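Proteins get letters first, then strands, A, B, ... in listed order; numbering begins at 1 in each. What you are looking at is a predicted structure, and each value in this text was computed from that prediction instead of being measured.
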Protein chains: 2
Amino acid sequence: MKDEKKRGRPRGFDAKAAIGKAREVFWDRGFTAASLDNLSAATNLNRPSLYGAFGDKEELYLDTLEGYREDSMDVLADALDPSLPLRENIARVYAGALAIYLHGETAARGCFLIGTAAAEAVQHVRIREVLGRSLNDFDDEIENRMQLAVERGELPQSADPQALAKLASAVMHSLAVRARAGDSRETLEAIARSGVDMICGREQG
Amino acid sequence: MKDEKKRGRPRGFDAKAAIGKAREVFWDRGFTAASLDNLSAATNLNRPSLYGAFGDKEELYLDTLEGYREDSMDVLADALDPSLPLRENIARVYAGALAIYLHGETAARGCFLIGTAAAEAVQHVRIREVLGRSLNDFDDEIENRMQLAVERGELPQSADPQALAKLASAVMHSLAVRARAGDSRETLEAIARSGVDMICGREQG
DNA sequence: TCATTTTTGTACCGATCCGCATAAAATATC
DNA sequence: GATATTTTATGCGGATCGGTACAAAAATGA
């Protein structure tokens, strides 16, 4: 089903790669401030090709959000490897997040969703929905690990997996905002360590 | 010094009120997407008046950020009234934040700084600096209360006031993002309660 | 009353915005 | 090779952008 030859001129670019380049532009500038000229230059696609492949600017932006969401969920699933202790899992979640947030050309970019989609969320319903769904999916994935931790005895029976997951996410949301606000890696790593202690307890490791 | 009559035609508007109206526009739309036409309509000022009083769009936006920062610090100082128990202080901080975040005409707007300034932070250095400074000032104010709590015995001597303050802020940052993402008041209030428990311990109250 | 100073309103500026019309280029099918 | 179909490239077009020139309006000072 992948090589069903379509009639007509074949496209001379890789759509996934183009979305990746577009993501960089949106990440740095935000949805509104990113112009089609910026996007066209970054992807090496002229505007009609962009439009033909992805629709208008909002649709392209939603595609980049979706790609980021999937990548993030992959990083999260990897960090939450259940063969590792919970404490290490959460530490890896924050380390993975910071690796993404602190990667910027001029300034750290933080989280793509929180840094750019939140700004549009009031006016653009579809963007708000993607943002909300992404945050919830993230919470749920962590909650599953928390639930497992309770069953295994890594957390006391009295622990509330949902509440712990929301708070673990909250630390990450804060890292996302603070990274984009210019906080240093050292500051952010200290917050991450405090967060691990707070979620998993200080006694271990 | 207030009534030193200036020569020339007196301005027919209140600058503070105009900044307040402009803040609403920026809060809903973000800095880039808010047009001077939007701002002009909301403030009932034509563009030359806006420009004469506040400078260009970025300067006006920075003025609205500064006003929000001051208002927020006032709310924070009020919530942290040291004659109240720490647990109640933190609960009041979150309640005050949610009262601001959930006030929106169509959708909840979250935090003005986190929701709109973060998006511009990578490209606009001055906006990034205001955002970073605001977050730090907030942390510091909470840290002072945490320090007092240690001295009073509300928290154990082993508690780290700075780390606790950053985590307390982190919960608020998460509320800010989640509010703008569309989470319900009930969901946010549950997170706030969990946050209070996590910061102050579950035993009290 | 008249000159000076500041604000206000209209109208406009060049630049940029997003999207598309049109035609050439490159493939598959007949 | 001819036709159909899709992608590419150029360039435009109406709308909107942020900012300002200019003159009328409204105050003070002489």
- request: Go through the structure and list residues passing ring-ring contact (aromatic ring centres under 6.0 Å, His included) with B/F26, not counting sequence neighbours.
  value: B/Y61
query: If the sugar-phosphate is the primed atoms plus P, OP1 and OP2 and the base is the rest, what is the B/S/- string for nucleotides 7-14 of chain C, using protein heavy atoms under 4.0 Å?
result: BSBBBB--
query: Are a donor atom and an acceptor atom from the side chains of B/S83 and B/D81 found within less than 3.5 Å of each other?
result: yes
query: Hey, can you pull the residues of residues 19-40 of chain A with a non-hydrogen atom under 4.0 angstrom from DNA chain D?
result: none
Side chain A/R7 and base C/dT29 donor-acceptor under 3.5 Å: no
- line: Sorted by number, residues from residues 54-68 of chain B placing a heavy atom under 4.0 Å from DNA chain D are B/D56, B/K57
task: Inspect the contact between A/R87 and A/D197 and indicate whether a charged nitrogen and a carboxylate oxygen are less than 4.0 angstrom apart.
output: yes
- request: May I ask you to decide if A/A165's main-chain N or O and A/E143's side chain share a donor-acceptor pair within less than 3.5 Å?
  value: no
field: Distance-only donor-acceptor check, side chains B/E151 and B/Q147, under 3.5 Å
entry: yes
- prompt: What's the spacing between A/T116 OG1 and A/R180 CZ if we round to 0.5 Å?
  reply: 6.5 Å
query: Residues two or more places apart in sequence or in another chain: which of them pass side chain to side chain donor-acceptor pair (under 3.5 Å) with A/N144?
result: none
message: Measuring to OP1 and OP2 of D/dT20, would you say a side-chain N or O of B/Y51 lies under 4.0 angstrom away?
response: yes
- prompt: Partners of B/Y101 by ring-ring contact (aromatic ring centres under 6.0 Å, His included), sequence neighbours excluded?
  reply: none
message: Donor-acceptor pair, distance only, cut-off 3.5 Å: does the side chain of B/D28 make one with the backbone of A/V122?
response: no
query: Can you say whether the rings of A/Y68 and A/W27 are parallel (under 30°), tilted (30 to 60°) or perpendicular (over 60°)?
result: perpendicular
